[in-house]
Amino acid sequence: MDRRLETNRANWNERTPVHADSAFYDVAGFKAGRNTLKDIERAEVGDVAGKSLLHLQCHFGLDTMSWARLGARATGVDFSNAAIDLARGLNEEVGAEARFICANVYDLPGVLDEEFDIVFTSYGVLVWLPDLDRWAEVISRHLRPGGVFYLVEFHPVLTTYEPTARGDALPVYSYFRQELFIPGGEHTYAGAERIPSPNYEWQHSLGEIVTALVHAGLRLEFLHEFPYCHYQALPAMVQGADGWWRFPENNDSIPQMFSIRARKPGS
Ligand SMILES: C[S@@+](CC[C@H](N)C(=O)[O-])C[C@H]1O[C@@H](n2cnc3c(N)ncnc32)[C@H](O)[C@@H]1O
């Protein structure tokens, strides 16, 4: 594996137990029957009953098992062995009947020889991928003709923002493709703890994301943008009665999440 991805894998192995204990992931609620999928992806993916669904970068599988609870034949893939071990244990415990594979997304075609009705991936995945053309080719390889790819993700405009000393946020980082090295000791999104190990991240513009999918032969069905976020991405954000996080002022001025549905031609 690429040494940068090896670094990231070690970082995700460190994050996994922290996330498993966090209120953000609320594993106890999931065990009690909570479906962890948000309204956006449930509405935009549609009915999954009886369909085969491949979930890329599934972390420790709560969303994968939630799709299985809705009737999908769900397979989750992640390169963190700690996350996949935890997912398999939870799957056994709650009887969700999902399947989990420990693999680097880029290596999946060498590990799995199957096509799916749906390929799904969500919230915080693209920032970990250095090459979106290869990512899109993997998606196309694992979709049956006529199958649907669905992505819901944080908007690349949001990741250009940095909190200011005044308590608001300003766009200070480049919107366009770049590689970042994070030396370690940063907070993880799912709690107050700091993760000691370093990691690499990649910023991708919306144009780069869409173009990679089109080049891989997928036909775009929609690209939606949302002026709110599902977690407090910046300290200035406040949570509304609907559960979404927004800036307190000018709160519909920038996109914070987006979703894409694309189809592989054929039937
Ligand atoms: C932010 S999490 C995804 C969160 C997921 N939507 C959830 O709510 O749990 C990103 C995941 O991508 C995985 N990942 C990062 N790079 C990967 C790669 N190259 N191949 C497979 N998994 C990868 C990490 O291990 C991590 O579990």
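Whatever order the structure lists them in is the order used to number ligands and atoms, beginning at 1.
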*Cation over ring, Arg9 on Trp12, under 6.0 Å and within 45°?*
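Negative - Arg9 is either too far from the ring of Trp12 or too far off its axis.
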*Charged tip of Arg261 within 45° of Phe222 ring normal and under 6.0 Å*: no
_Polar contact flag, side-chain donor to acceptor under 3.5 angstrom, Tyr173-Gln203_ = no
*So which heavy atom on His230 is nearest to which on Lys38, and how close?*
CG-CE, 3.5 Å
*Please say which of Arg73, Arg99, Arg141 ends up in a salt bridge (Lys or Arg N to Asp or Glu O under 4.0 Å) with Glu114.*
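Result for salt bridge (Lys or Arg N to Asp or Glu O under 4.0 Å) with Glu114: Arg99.
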*Run through ligand 1 for me and note each protein residue having a heavy atom under 4.0 Å from it, chain first, then residue number.*
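For ligand 1, the residues that come within the 4.0 Å heavy-atom cutoff are Trp12, Tyr25, Gln57, His59, Asp78, Phe79, Ser80, Ala103, Asn104, Val105, Ser122, Tyr123, Gly124, Trp128, Tyr189.
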_Partner residues of Glu92 under the side chain to side chain donor-acceptor pair (under 3.5 Å) criterion, sequence neighbours left out_ =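 Partners of Glu92 under the side chain to side chain donor-acceptor pair (under 3.5 Å) test: none.
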